[in-house]
Amino acid sequence: MVNLYQRMRDHSRAVHLPDGTTIYLRPLRDSDLEHANEFFAALSERTRYMRFMAPMPRLTPETLAGLIRAMHESRSAVVVAVFEHVDRTEELIGGGRIVPAGRKGTCEFAITIVDRWQGHGVGGVLMREVIRRARLLGYRRIEGYVLNVNSGMLAVAQHARMKLRVDPDDPGVITVYRALYPFVRG
């Protein structure tokens, strides 16, 4: 059960989806990792394939280790979207992460959303959040790799004003990217 104090410690932010549903954005907590297999199990085979670009029947220790690294590295961030039920329990419905891309000023993002929440605006919310966090971390460019059949993610990327480029080595993959300008205050 989550209380207001925990939300404040997490710097959680309430966000409203287009249908009026309230979800919360917050950093991934160590305690969330206890439920990583449940979250993964809630993803269809298709969603797993779209996210990992390969069949992924189970959550591997390597994938989990990468998530933990991203959670604790200073130039990385992992954010989750949660839905709070009437009984005050949280349901993890999606997540996004950014990690250094290996080129100065550039980060790579990935977003995953539980199937039953896809098409409700969670992808757009998470995209805006990973862009915001990338800016805060000082990145000047954000990019991701999307299968060309993943029309939902490509639409989210285009809505976020990202450019699309077909990978010359693999035409089945689209690189989505955009420049990140510092926040303008005032």
Side-chain angles (χ1 to χ4, degrees), residues 7-29 32 47 50-53 66-83 92-114 117-186:
R7 281 207 202 291
M8 291 169 50
R9 264 187 34 191
D10 286 340
H11 300 283
S12 293
R13 290 187 309 113
V15 179
H16 300 285
L17 299 178
D19 68 1
T21 302
T22 301
I23 63 171
Y24 295 91
L25 296 177
R26 62 169 173 74
L28 184 70
R29 298 181 197 135
D32 292 326
T47 294
M50 293 293 182
R51 167 58 184 87
F52 296 101
M53 298 185 188
L67 189 60
I68 292 167
R69 256 192 324 278
M71 192 169 111
H72 295 291
E73 288 181 0
S74 63
R75 297 277 295 157
S76 300
V78 181
V79 62
V80 295
V82 295
F83 175 73
L92 187 61
I93 62 172
R97 64 121 176 101
I98 55 174
V99 295
R103 293 181 312 285
K104 184 175 169 89
T106 302
C107 66
E108 181 182 318
F109 79 92
I111 292 173
T112 308
I113 302 163
V114 171
W117 284 90
Q118 292 175 14
H120 294 274
V122 178
V125 166
L126 284 169
M127 179 63 78
R128 286 188 296 278
E129 185 65 10
V130 295
I131 289 171
R132 185 182 81 81
R133 287 178 185 250
R135 279 189 179 117
L136 290 171
L137 289 169
Y139 288 107
R140 294 188 314 269
R141 177 182 161 104
I142 188 168
E143 63 187 26
Y145 304 96
V146 181
L147 290 173
N148 65 3
V149 294
N150 192 344
S151 57
M153 188 63 225
L154 291 171
V156 167
Q158 287 180 304
H159 189 74
R161 299 187 326 270
M162 293 187 138
K163 296 179 181 172
L164 284 63
R165 183 183 70 234
V166 175
D167 185 326
D169 298 324
D170 184 355
V173 176
I174 308 288
T175 302
V176 298
Y177 63 96
R178 72 173 270 189
L180 299 176
Y181 301 103
F183 287 120
V184 177
R185 301 209 188 264

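Proximity of I131 to F109: side-chain heavy atoms (C-beta onward) are nowhere separated by under 4.5 Å. Residues F83 and V114 form no side-chain contact, since every pair of their non-hydrogen atoms from C-beta on lies 4.5 Å or further apart.
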Would you be so kind as to tabulate the donor-acceptor pairs closer than 3.5 Å made by side chains of residues 143-159, with sequence neighbours excluded?
residue: E143; atom: OE1; partner: R103; partner atom: NH2; Å: 2.7
residue: E143; atom: OE1; partner: R141; partner atom: NE; Å: 3.2
residue: E143; atom: OE1; partner: R141; partner atom: NH2; Å: 3.2
residue: E143; atom: OE2; partner: R103; partner atom: NH2; Å: 2.3
residue: E143; atom: OE2; partner: Y145; partner atom: OH; Å: 3.1
residue: N148; atom: ND2; partner: P171; partner atom: O; Å: 3.2
residue: N150; atom: OD1; partner: M153; partner atom: N; Å: 3.2

Would you list the atom pairs, donor with acceptor, under 3.5 Å between side chains in residues 122-129 and any protein atom, with sequence neighbours excluded?
residue: R128; atom: NH1; partner: G124; partner atom: O; Å: 3.4
residue: E129; atom: OE1; partner: R13; partner atom: NH2; Å: 2.2
residue: E129; atom: OE1; partner: R132; partner atom: NE; Å: 3.1
residue: E129; atom: OE2; partner: R132; partner atom: NH2; Å: 2.9
residue: E129; atom: OE2; partner: R133; partner atom: NE; Å: 2.7
residue: E129; atom: OE2; partner: R133; partner atom: NH2; Å: 3.2

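To the nearest 0.5 Å, atoms CZ (R26) and CG (D32) are separated by 4.0 Å. The distance from the CZ atom of R29 to the CE atom of M71 is 10.5 Å, given to the nearest 0.5 Å. Put simply, CD1 on I174 and NZ on K163 are 15.5 Å apart, with the number rounded to the nearest 0.5 Å. Here CD of E108 is found 9.5 Å from OG1 of T175. Values are rounded to the nearest 0.5 Å.
Among residues two or more places apart in sequence or in another chain, the side-chain contact (heavy atoms from CB on, under 4.5 Å) test is passed with H72 by D30, I68. For D169, the side-chain hydrogen bond (donor to acceptor under 3.5 Å, both in side chains) criterion is met by no residue, not counting sequence neighbours. Residues that satisfy the side-chain hydrogen bond (donor to acceptor under 3.5 Å, both in side chains) test with S74, not counting sequence neighbours, are absent from this structure. Residues passing the ring-ring contact (aromatic ring centres under 6.0 Å, His included) test with Y177, sequence neighbours excluded: none. The side-chain hydrogen bond (donor to acceptor under 3.5 Å, both in side chains) test applied to T106 returns no partner, not counting sequence neighbours. By the side-chain contact (heavy atoms from CB on, under 4.5 Å) test, A134 is found to be paired with I98, C107, Y139, I142, L180, residues two or more places apart in sequence or in another chain being considered. For S76, the side-chain hydrogen bond (donor to acceptor under 3.5 Å, both in side chains) partners two or more places apart in sequence, or in a different chain, are E73.
Shown here for H120 and D19, the closest heavy-atom pair between the two residues is ND1-OD2, 4.1 Å. Residues R140 and K104 approach most closely at NH2-O, 4.0 Å, considering heavy atoms.
Applying side-chain contact (heavy atoms from CB on, under 4.5 Å) to I93 and the options V82, V80, I23 leaves one that passes, I23.
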